[in-house]
Amino acid sequence: MTIRLYDTSARQIRDFSPLTPGCVSIYLCGATVQAAPHIGHIRSGLNFDIMRRWFEYRGYDVTFIRNVTDIDDKIITKSSEQNRPWWSIGYENERAFNDGYTALGCLPPTYEPRATGHITEMVEMMRGLIERGHAYEAEGNVYFDVKSFPGYLELSNQDLDDLRQPSGEGETGKRDPRDFAMWKSTKPGEPSWETPWGRGRPGWHLECSAMAHKYLGTAFDIHGGGLDLIFPHHENEIAQAKAYGDEFARYWVHNAWVTMSGEKMSKSLGNSVLVSEMVKNWRPIVLRYYLGTPHYRSMIEYSEEALREAESAFARIEGFIQRVTEKAGEAVPAADEVPPAFAEAMDDDLGVPQALAIVHTTVRQGNSALAADDKEAAVARLAEVRAMLGVLGLDPLDPHWAGETDRGEDLHGAVDTLVRLVLQQREAARARKDWGTADAIRDQLTQSGLVIEDGPDGPRWTLGPR
């Protein structure tokens, strides 16, 4: 068994070999909490949640760090626009992100450090970089000298002569316009911390280098994030950390975006879909299926039609689980091992689409067993399906989703009683061969959003896709 991952730095799929046998260390760039999350933000956390689950299934002990950037230019701008404290905006949106992660079934990280809790570590790293000749102070700012680090831009594969480094307001005193800020001198009304070079606040890139060093040491296995972070963020992280003396990350894994009309989903473009609104209209488990089942390196073009297709596909899986569970009674199995073909797909760069095809094939086999009244085979297929869904965080019988699957458990009993009365009328019509009335009753139920299935044990109903 060898897990293989696409390494952005190598530009190819590589066999994964951990630093410490049996252990995996992962650092994921998490939320910048200037606003509530849209589904593009949560996709990254969800993709790496599936990675973490797969490593754990394969027997690894996973340390998973997902940071919170709670101070940066955007948060300060929002603070000024809204006339609110920066920390109030950050905390409110940090909670919104965590609510989104939880709603979509993401496991909590091992540690979730905030940038503002690690100023001491940042100052220590800057001091070391200045002593080594890789950084310098100018007018209260501290900059990284990009020409001092020969490996700069290897991750993003750019030419230093063509580089246009993004710069923020007040970044004065640079020796070279391509140098980037690690520390920004204080401005009136802005949050600031004391350092040997005066009061100021950290630059975005320094935050992650310092936190990764603190929680994972000088070297760790995997650094993750969205494609948009390759440059400048991850490139600058590498420069700081390696110039400081760290080996830093051995594998770089990047997830693709959620797009709308071909553009990256973004609040600044006005095309974002907030998670808090989506969960009001769609079941969270369906949203997880929609965002988590495409390959992590593939773009997802958002549309309600695509969401409805995801809902229908998951309903087929869920319907099979419900039918077998009804037959099996209390003996609802959960297998310890997934089918070999599923494992092979997941080992190959987390091939979730190929793995999901095995899920649907197994569901079809289970439905055939149900039709043949082969309870033993149906129960065996159920165990396999649940094992595979468990790895993907999509098992509807998992306690996390309890009460979510029926879209209103409190009403289920009352609706069941009413529907069964109507179905009894349909059965009476069929018994007297009044096919027109029987079909009309079925059509009315279907128009009400119910799916009626006739089986050897009589008709049963489920909620259909919207």
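Each residue takes its place number in the sequence, starting with 1. Predicted model only: the values in this text are computed from it and were never measured.
- Using a distance-only test at 3.5 Å, with no hydrogens or angles considered, a donor-acceptor pair links the side chain of E235 to the main chain of S156.
- Listed here is the closest heavy atom pair of F97 and V33: CD1-CG1, 4.1 Å.
- Rounding to the nearest 0.5 Å places CZ of F64 at 6.0 Å from CD1 of I26.
- Listed by first and then second residue, the salt bridge (charged side-chain N to carboxylate O under 4.0 Å, His left out) pairs involving residues 285-295 are D49-R288 (not counting sequence neighbours).
- Considering only heavy atoms from C-beta on, Y215 stays 4.5 Å or farther from Y27 through its side chain.
- A donor-acceptor contact shorter than 3.5 Å is absent between the side chain of R323 and the backbone of N367.
- Considering all non-hydrogen atoms of both residues, A10 and R14 come closest at CB-CD, 3.7 Å.
- Of all non-hydrogen atoms in I42 and L104, the two that sit nearest each other are CG2-CD2, 3.8 Å.
- In this structure, CZ in R283 is found 9.0 Å from CH2 in W401, a value given to the nearest 0.5 Å.
- Considering only residues two or more places apart in sequence or on other chains, A306 meets the side-chain contact (heavy atoms from CB on, under 4.5 Å) condition with Y290, S303.
- Geometrically, R66 does not engage F48 in a cation-pi contact, judged by NZ or CZ lying under 6.0 Å from the ring centre and within 45° of the ring axis.
- Counting only distance, with no hydrogens or angles, the side chain of R43 and the backbone of W257 share a donor-acceptor pair below 3.5 Å.
- Atom CD of Q12 sits in a crowded spot, with more than 12 heavy atoms from other residues, nucleotides or ligands closer than 6.0 Å.
- Put simply, CG on L107 and CD on E56 are 6.5 Å apart, with the number rounded to the nearest 0.5 Å.
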*Where do E277 and K280 land on the salt bridge (Lys or Arg N to Asp or Glu O under 4.0 Å) test, with the steps shown first?*
CA-CA 5 Å; E277 295 302 313; K280 295 176 183 177; 3.2 Å; yes
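- Taking the side-chain contact (heavy atoms from CB on, under 4.5 Å) definition, one finds that E81 meets it with T77, K78, sequence neighbours left out.
- Residue pairs meeting the salt bridge (charged side-chain N to carboxylate O under 4.0 Å, His left out) criterion with at least one partner in residues 94-103, sequence neighbours excluded, are E94-R114.
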Check residues 378-385 and write down every donor-acceptor pair under 3.5 Å in which the side-chain atom is one partner and the other belongs to a residue at least two apart or another chain.
| unit_1 | atom_1 | unit_2 | atom_2 | d |
| --- | --- | --- | --- | --- |
| R381 | NE | E384 | OE1 | 2.9 |
| R381 | NH2 | E384 | OE2 | 3.3 |

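- Remark: side-chain polar atoms of N93 are not paired, donor with acceptor, to backbone N or O of A96 under 3.5 angstrom.
- Within a 6.0 Å sphere centred on CZ of R11, other residues, nucleotides and ligands contribute more than 12 heavy atoms.
- Paired with Y60 under the rule side-chain contact (heavy atoms from CB on, under 4.5 Å), one option of P21, P18, C23, S25 passes, and it is P18.
- Residues meeting the salt bridge (Lys or Arg N to Asp or Glu O under 4.0 Å) test with D15, sequence neighbours left out: R4.
- By the 6.0 Å contact criterion, CD on E326 is enclosed, its count of non-hydrogen atoms from other residues, nucleotides or ligands being greater than 12.
- A 4.5 Å side-chain heavy-atom check between H38 and V258 finds every atom pair outside the cut-off.
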